[in-house]
Amino acid sequence: MAEFNEFLEMGGYAAFVWPSYLVSAVVLTLLVVFSVRRLRRIERDLKPFEERRQARRNRTRSSRTEPLNDT
Amino acid sequence: MAIDFHKYANPTRFLRLASAVFPWVTGAAVLLLVTGLYMGLFVAPEDYQQGETVRIMFVHVPAAWMGMSVYTMMAVSAAAGLIWKHPVADLSAKAAAPIGACFTLLALVTGALWGQPMWGTYWVWDARLTSMLILLFLYLGYMALWGSFDDHSKAARAAAILVLVGAINIPVIKFSVDWWNTLHQPASVATLDGPKIHGSILTPLLVMGAAYMMLFLSVFIIRVKAEIMDRRLQIMKISQLQE
Amino acid sequence: MSLTATDLTCIRGDRLVFDKAALSLSAGQALWVKGKNGAGKTSLLRVVAGLLKPARGSVCWNGIDIREDPDAYQGHCHYIGHQDALKPVLTARENLTFWSTYAGVSRVAEALEIFELSRIADMPAGILSAGQKKRTNLARLVASPAPLWILDEPISSLDTHYIRLFADCLAAHLKDGGMALFATHQDLQVDGVGYLDLNGGGTRE
Amino acid sequence: MMAGFLGLVRRELLLAFRQGSALTLTLAFFVIAVTLFPLGVGPELNILQRIGPGVLWVGALLSCLLTLDRMFQADFEDGSLDLLMIGRVPVELVVLAKVVSHWLTSILPLILITPLLAVSLNMPFDGIVAMEFALLLGSPALSLIGSVGAGLTVGLRRGGVLLSLMVLPLYIPVLIFGVAAVEAAIAVLPMASHLSLLAAMSLGALVVCPVAAAAALRLAVD
């Protein structure tokens with residue numbers, strides 16, 4: 001157990017080493033979380049448009065025979 | 001009459017490549033982070049001069065590296081966007097800016113935390129910290145410029161001009177700040193370079209550097225994908241308006 | 001001297017403004033750009049003037065794309081926009097003198113004379129009425145000759161007398177081998193003017 | 001072409017003198033900003049002498065920013081910018097004419113009044129001489145870099161704030177070597193290298209900035 005405490009103390013510099021790791025972890029996780037949430041939000045907003053476009057494409061495809069390349 | 005200019009803003013090739021690479025990059029990032037932290041915190045010996053505070057270097061130096069290399073990458077993609085008009089280039093510069101800004105901010109914070117035990121104050125106008133601070137301003141200026149345009153393609157070109165002018169100025173700023181620092185160099189301050197880095201410290205540093213690079217790539221892919229989808233969303237909203 | 005534009009597509013802020021617009025003008029010809037509001041008349045004029053970059057298609061002056069070799073085209077056309085490009089602090093004469101010397105040849109007195117501005121020539125442009133400001137702006141067309149006139153709503157805020165006066169001016173310009181491309185809501189009754197209907201995207205003589 | 005260029009500069013100067021406010025605005029701001037420092041820092045002359053060069057240079061930088069965003073904005077609003085873009089004079093020269101007139105109307109007055117303020121900050125005579133040279137050599141870079149910022153923010157809402165955020169970081173090298181030149185003169189050390197660096201920055205800006213500003217203006221009218 002003592003060894004663990006000694007590790008925690010960081011030779012007396014615990015007040016500097018741990019905060020710098022903590023800040024790094026917090027900032028990077030926030031960055032990832034916000035980025036992923038933004039992507040989810042945009043995909044959610046895009047869903048109705050995609051479905052409408054798909055529906056329109058199916059209608060036109062059924063009325064026409066030649067294949068429609070999807071850009 | 002509405003032409004289908006999704007081609008204009010829908011680079012599926014990039015999306016396919018990105019989603020293929022994404023799992024590998026994220027996996028590598030996690031793996032490298034874990035090994036880097038383990039080596040940095042447990043394996044690396046403490047430094048004879050700085051003691052345990054040298055471990056801060058493992059989060060400070062990679063962040064500084066990334067802060068600078070992301071800005072360079074933005075300048076290159078901005079140039080590509082202006083010259084070859086490739087829509088993904090503009091989007092990738094816009095997507096990378098916040099990540100670069102985060103890394104620069106981390107470099108500043110961890111630099112200050114590292115400086116305190118050595119110099120007794122949190123902020124010392126050390127040449128590298130000052131250059132990092134100026135780099136952060138350049139990032140903020142870039143992101144603020146994006147925010148103040150409503151027309152996307154104009155914002156892209158304006159931001160590209162700014163990041164290129166900024167990139168041309170970075171060496172001049174770096175030179176003048178370094179020179180300015182030596183002019184006002186207080187006598188006995190050990191600069192951030194610290195002791196000559198030997199093996200046991202260097203390897204965790206390089207592993208952490210690679211980990212930060214992979215982390216950048218994975219967040220970058222997420223953000224670029226979001227930017228591309230956002231462009232498609234705007235275009236769809238407007239073309240819906242027109243029908 | 002000829003101006004041709006082929007397959008012009010203009011996109012403004014992700015909005016398609018017009019598509020596959022085409023036109024051609026040679027000496028002595030004029031084209032009236034028609035279309036309802038928002039059809040992109042102003043955008044078309046700005047594209048032809050070289051201010052707006054078309055998403056697709058090209059504008060050629062004497063066969064050379066104006067984007068590739070701007071020097072050949074710059075200075076050869078007058079652009080009259082919605083705004084009057086007058087500095088309120090300077091007098092009408094000073095404004096005209098600046099723009100004409102800027103373009104090279106300066107015939108300010110004659111221009112003031114034609115547009116009946118001599119009486120107010122030395123008053124600060126800021127206190128002129130909208131009609132007087134528009135006439136001062138139009139006087140630029142005469143103060144320094146240029147082969148191509150690109151006019152966006154040139155006769156808005158003019159009364160019938162001055163509309164007639166401007167129409168004669170335009171007719172004289174065409175007779176001298178000049179060219180004009182203009183968008184307006186009233187018919188100028190100048191003969192030999194084709195028109196371009198932006199809604200349909202095609203041109204009819 | 002040259003007639004057009006000179007005509008544009010003459011018009012800008014005429015406008016500046018007709019609307020006297022632009023001229024006095026910058027001067028008044030510079031004087032007030034500099035006099036704030038002794039009030040804030042305290043009247044001890046040796047402190048003032050120590051911070052004098054820095055205060056004057058930061059003051060000059062900020063005052064130059066004030067009139068920057070009007071450099072193209074006024075022409076954008078009344079439609080002149082469109083005509084300037086398609087006129088006979090290439091856009092890069094139009095930018096240069098604007099920079100020259102901005103320098104003459106905004107920065108030259110600062111340089112002329114600096115000796116007065118330098119005395120109030122207890123700056124020795126050769127420091128003042130160095131300050132004048134440094135300002136003369138370094139300030140063109142301020143106008144040139146500023147013109148790029150002004151071009152990028154034409155037509156934007158709250159463009160002024162954005163302009164300073166973008167441009168100030170790029171002013172730092174000029175600030176550092178400007179102050180260094182004056183401090184070297186005060187300490188009777190050679191300052192030729194600092195002045196030559198300032199001149200180099202201005203010349204470098206002369207090459208890069210008109211092209212960048214012209215590209216930005218093409219964007220604004222697009």
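Per chain, numbering begins at 1; letters A, B, ... match sequence-line order. Not measured: the values here are computed from a predicted model.
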Inter-residue atom distance [X].[atom1] - [Y].[atom2], 0.5 Å rounding:
X: B/Leu145; Y: D/Leu165; atom1: CG; atom2: CG; answer: 9.5 Å
X: B/Trp180; Y: D/Leu175; atom1: CH2; atom2: CG; answer: 10.0 Å
X: D/Leu197; Y: B/Ser176; atom1: CG; atom2: OG; answer: 9.0 Å
X: B/Ile134; Y: D/Ile172; atom1: CD1; atom2: CD1; answer: 3.5 Å
X: B/Lys154; Y: D/Leu219; atom1: NZ; atom2: CG; answer: 7.0 Å
X: D/Leu156; Y: B/Phe149; atom1: CG; atom2: CZ; answer: 4.5 Å

| Residue, of B/Val172, B/Asp150, B/Ile170, that accumulates the most heavy atom pairs under 4.5 Å with chain D | B/Val172
| task | Identify which of B/Ser148, B/Gly147, B/Ala159, B/Ala144 forms the greatest number of heavy-atom pairs closer than 4.5 Å to chain D. | result | B/Ser148
| request: Select one option (side chain, backbone, both, neither) describing which atoms of B/Tyr142 are under 4.5 Å from chain D's heavy atoms. | output: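 Interface part for B/Tyr142: neither.
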| request: Could you pull out the closest heavy-atom pair between D/Pro169 and B/Leu138, with the gap in Å? | output: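 Between these two residues, the closest heavy atoms are CB-CD2, 3.8 Å.
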| Of all heavy-atom pairs between B/Gly141 and D/Leu162, which one has the smallest distance, and what is that distance? | O-CD1, 4.2 Å
| task | Sort D/Ala220 into side chain, backbone, both or neither according to what part of it lies under 4.5 angstrom from a heavy atom of chain B. | result | backbone
| Any residues in residues 72-105 of chain D near chain B, with a heavy-atom distance under 4.5 Å, and which are they? | none
| Which of residues 120-137 of chain D have a heavy atom under 4.5 Å from any heavy atom of chain B? |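 Residues of residues 120-137 of chain D touching chain B at under 4.5 Å: none.
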| query | How are the rings of D/His194 and B/Trp179 set relative to one another: parallel (under 30°), tilted (30 to 60°) or perpendicular (over 60°)? | reply |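 Geometry flag for B/Trp179 against D/His194: perpendicular rings.
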| Steps toward side chain to side chain contact (heavy atoms under 4.5 Å, CB included) verdict (D/Met166, B/Val165) | CA-CA 10 Å; D/Met166 289 193 299; B/Val165 170; over 6 Å; no
